[in-house]
Number of protein chains: 2
Amino acid sequence: MAKWTIKDIAKKAGVSITTVSRVLNQKEEGMSEETREKVIRVIKEAQYQPNQFARGLVTKQSKLLGLIVPTIANPFFPELCRGAEDEANKRNYSLVICNSDDKSEKEERYLRVLKEQQVDGIILLSKDRLSPSSEELIKEGKIPCTLLDRGIEGNKYPAVFLDNETGGYLAGKHLIDLGHRRISCITGPLSIRNSFERVIGFRRALEETGLDHQDLLQIEGDFTIESGYELAKNLLMKNDITAIFACNDLMALGVYQAAHELNIKIPGELSVIGFDDIPIVSSLIPKLTTIRQDTYEMGRKAVQLLINQIETGKTESVQFSPSLITRESTAARKIEE
Amino acid sequence: MAKWTIKDIAKKAGVSITTVSRVLNQKEEGMSEETREKVIRVIKEAQYQPNQFARGLVTKQSKLLGLIVPTIANPFFPELCRGAEDEANKRNYSLVICNSDDKSEKEERYLRVLKEQQVDGIILLSKDRLSPSSEELIKEGKIPCTLLDRGIEGNKYPAVFLDNETGGYLAGKHLIDLGHRRISCITGPLSIRNSFERVIGFRRALEETGLDHQDLLQIEGDFTIESGYELAKNLLMKNDITAIFACNDLMALGVYQAAHELNIKIPGELSVIGFDDIPIVSSLIPKLTTIRQDTYEMGRKAVQLLINQIETGKTESVQFSPSLITRESTAARKIEE
DNA sequence: TTGTAAGCGTTATCAA
DNA sequence: TTGATAACGCTTACAA
C-alpha cells in the first residue's frame, strides 16, 4: 500500500477509525485489551504514521517550535541551539531553526513563515527592540513567544536573560584585583543592551576603586574577530595599557592577534578577559580568562518556559548568572611598572 | 476576528473561496483585474495567512526540509547549515535542523519525526553506512533524501561529497614540498570513510616521494580538540618529527596546545596543517595552514539537489574539490637538521 | 466497549 | 470569469 491512512488500519484491524484514533492517542478508557493489541499489531506491521496535516488541522498543534537566532556563525549560538533542541525533543517537539542575520526584514519574514507553518511557539533572539511589525506579528498572531538573550521587552514577554551587568562587573573586579589600573574596554555595539550593560557593570567595578571614567579607554566594536583585532591594534599602538576587557570571546581572539603582531605578551604585558566562554577559548594559547554564560542551559530553559506557556498558559521569566572563569590570559600587573 | 480563514476573506470580499484560493496561488487566468485587487486588499487588511495544515492535507507538501547533522558543536556545521538555509529560503522552503549526536538511535528517531512532520525531503549527514532501519525508513517512506559530507551509499542516493582523497594528498604534497620527511598524521576515526580517504591521499603524496609507510607515524584521533592534544603530546614527547597533519582543524588546535606545552615552536620547529578551514583558524597564532572545503556552498548545493529532486524527480550527485590554504603554521624544514 | 458522522481550512474538479 | 462541492486524513462529540 502506497500510504497507509487511519482508514486502512481500521479496515485491516476490523474496527472503526475512532478506535484506531483512540489507540493512537493513548486514550486508555473504553477499549478491550484485545482490541487494543490487535490495532497496535496492525499499526506496527504497516509502519503506519499519522499525518500531521490532518492531525494539526483538528488539534491546531504542530508540535513545532521556531527558534530565530541572529547568527549561527558565532559559536555562541550552536550551544544554545543544542540546549533548546534537547529540551524540545524531550517534550516531543521539533525545532525549526532560523537565522535572521540580525536583520529586521529577515526576522519578520521568518516570523511570518513560522506562523504559516503553524508552529506552536517561537523563541526569539532579536534585536533589542522588536520592530513594530514583528511585535504586531507576535501579538496579533497570538503565538506564544519567549525572548532569549536579548531584548528590552523582557517585561512584556516571558524571557531568558543573562545578568550582563554582573558579568561586566565580574570582569572589572577581576582586573582590578590583579592590580590593573590602565584598562581598556572593547565593547559590543552599544545599541544592544547586552553590550551596554556589560560596560555599565565593568565601570561600576572600576569606580568602586576610585578610578574615574578618564582612566577607562572605551571603544566600540561589533562582536567580530576583525573588530577586536583592528581596535586592539590601534589601541595598543597608541596607549600604554595593561589590560583589556573584550566584551565577547570572538573579539578577545582578535586582541590576541593584535598583541601578537605588536609583540606584546599575554598575560605578561597585557591581561585579556573575554565574555561568553565559547567552546574553543579554553584551547587558545594562552587559555582565555572569560565570563561564562551557560548557553546550553539558557537554550533549554527558554524552551521549557515556552512549552509551559503553550501547555498551561503560564508565563515566567528567568535570569541567569554569569561566572568568572579564570584561566591563563590574565595575570597580576607587574610591580616594576 | 480571532483567526481569519479563507471563508472569512471570501465573504468579506464578496467572492467565493475558490476565487480567493486562486489569488492566493497566483493563478493568473480566469479572473478580472478588479476582482483580484479587491481580494488582495481584503487579504492584506486582515493580515490573512493560509493554514499550512489544510493546504498540506490537499497538496501533500509541507515546504519543510529536514537537515540532520552529527554535531552542531563542530564549527564546521553551522556554516553548512547557513548555506542550506539560505538556499532553502530562496526556494521558499523552511529548514528543520536536527542534531543526531552521531548516534543511530537519534538519527532514526529524527527520521521518523521528520517523516511524521511531512517534510518534503531530508538532507542527511549520517554515519558512513546507514543503519538498516534508517535505510528502510527512507526507502519505504519514499522521502527524497540527499546525503551530505559522509556516507558510502553515495551511488544509491543523490549526494554531495568532498573529494577527501585529494584533500589529503594536497596536505601531504605541501609538507613534502616544504622538505619534511619525518611526518605524523593524526587521523579521524578510521571507521569514517572521510577520515580514511584523507589518510589514503596523504599517503599517496608521501609515497610519490619514495617515503614508505614506516616513515609515517599514524595515530587515530576522534576529531575533537582533546584527542588532538593528547595524541600530539604523546607523539611529540616520544618522537622527533617536523610536521603533523591533523585531519581536522579542531585536532590541529589540540596540536597547538601540545606543542606550546612542550615548548616546541610552530612553524619553526614543527609544521602543522589542518583540514576544513573552519572560521576561527585564520585567527589563531600562528594562522593555521589548512585544507579548505567550502562548507557553505556544500550546504547550498545539497538543498538545491534535494529541491530539484522533489520538484522534478531528477537526482544528481556532486563532488566538491578541496583547496590548500597556505597560512603561517607550515614552513620549510630547517636546513641544519 | 465501540462506532457514526461532523468538521478542521484548504485545493482541485467540474459545472455554470 | 466565477462558484459549488468533493476530497484530503484525522479528532471528537455524541450515539448505540
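Here is the naming used below: chain letters follow the sequence lines, and residue numbers restart at 1 for every chain.
The side chain of B/Ile6 lies closest to C/dT11 when the candidates are C/dT11, D/dG9, D/dT11. When each of C/dG3, C/dG9, D/dC10 is scored by its nearest atom to the side-chain atoms of A/Thr18, the top-ranked nucleotide is C/dG3. Comparing D/dA7, C/dT4, D/dT12 by their closest approach to the side chain of B/Val58 singles out D/dA7. Checking D/dC10, C/dG9, D/dA4 against every side-chain atom of A/Pro50, the shortest atom distance belongs to D/dC10. Minimum atom distance to the side chain of B/Ser21 is reached by C/dT11, of the listed C/dT11, D/dT1, C/dG9. Listed candidates were D/dT2, C/dT11, D/dC10. Nearest to the side chain of B/Arg22 is D/dT2. Taking the side chain of A/Ser32 as heavy atoms from C-beta on, and the options C/dG3, C/dT2, C/dT11, the nearest nucleotide is C/dT2.
Protein atom CG of B/Leu24 is 14 Å distant from nucleotide atom C1' of C/dA12, rounded to whole Å. Look at CG on A/Asn25: it is 13 Å from C1' on D/dG9, rounded to the nearest Å. One can place NZ of B/Lys7 at 9 Å from P of C/dG7, the figure rounded to the nearest angstrom. When the P atom of C/dG7 is taken as reference, atom CD1 of A/Ile17 falls 15 Å away, rounded to whole Å. Note: CD1 (A/Ile9) to C1' (C/dG3) measures 18 Å, nearest angstrom. Rounded to whole angstrom, the span from the CD atom of B/Gln118 across to the P atom of C/dT10 amounts to 18 Å. Between B/Leu57 atom CG and D/dA7 atom C1' the separation is 9 Å, expressed in whole Å. Between A/Lys60 atom NZ and D/dG9 atom P there is a gap of 18 Å when expressed in whole angstrom units.
Within the 4.0 Å cut-off from OP1 or OP2 of C/dC8, not a single side-chain nitrogen or oxygen of B/Asn51 is found. The phosphate of C/dG3 (OP1 or OP2) has a side-chain N or O of A/Ser16 nearer than 4.0 angstrom. For the pair A/Tyr48 and D/dC10, the criterion of a side-chain N or O lying under 4.0 Å from OP1 or OP2 is met.
No donor-acceptor contact under 3.5 angstrom links the side chains of B/Thr71 and B/Asn74, judged on distance only. Residues A/Ser134 and A/Glu107 bring a donor and an acceptor atom of their side chains to less than 3.5 Å of each other.
Side-chain contact check for B/Leu147 versus B/Pro158: every heavy-atom pair is 4.5 Å or farther apart.
The main-chain N or O of B/Asn89 is found under 3.5 Å from a side-chain atom of A/Arg109 such that the two form a donor-acceptor pair.
A salt bridge links B/Asp102 and B/Arg150; the closest N-O separation between the charged side-chain nitrogens and carboxylate oxygens is under 4.0 Å.
For the pair A/Arg55 and B/Thr19, both in contact range of DNA chain D, the more 5′-proximal nearest nucleotide belongs to B/Thr19.
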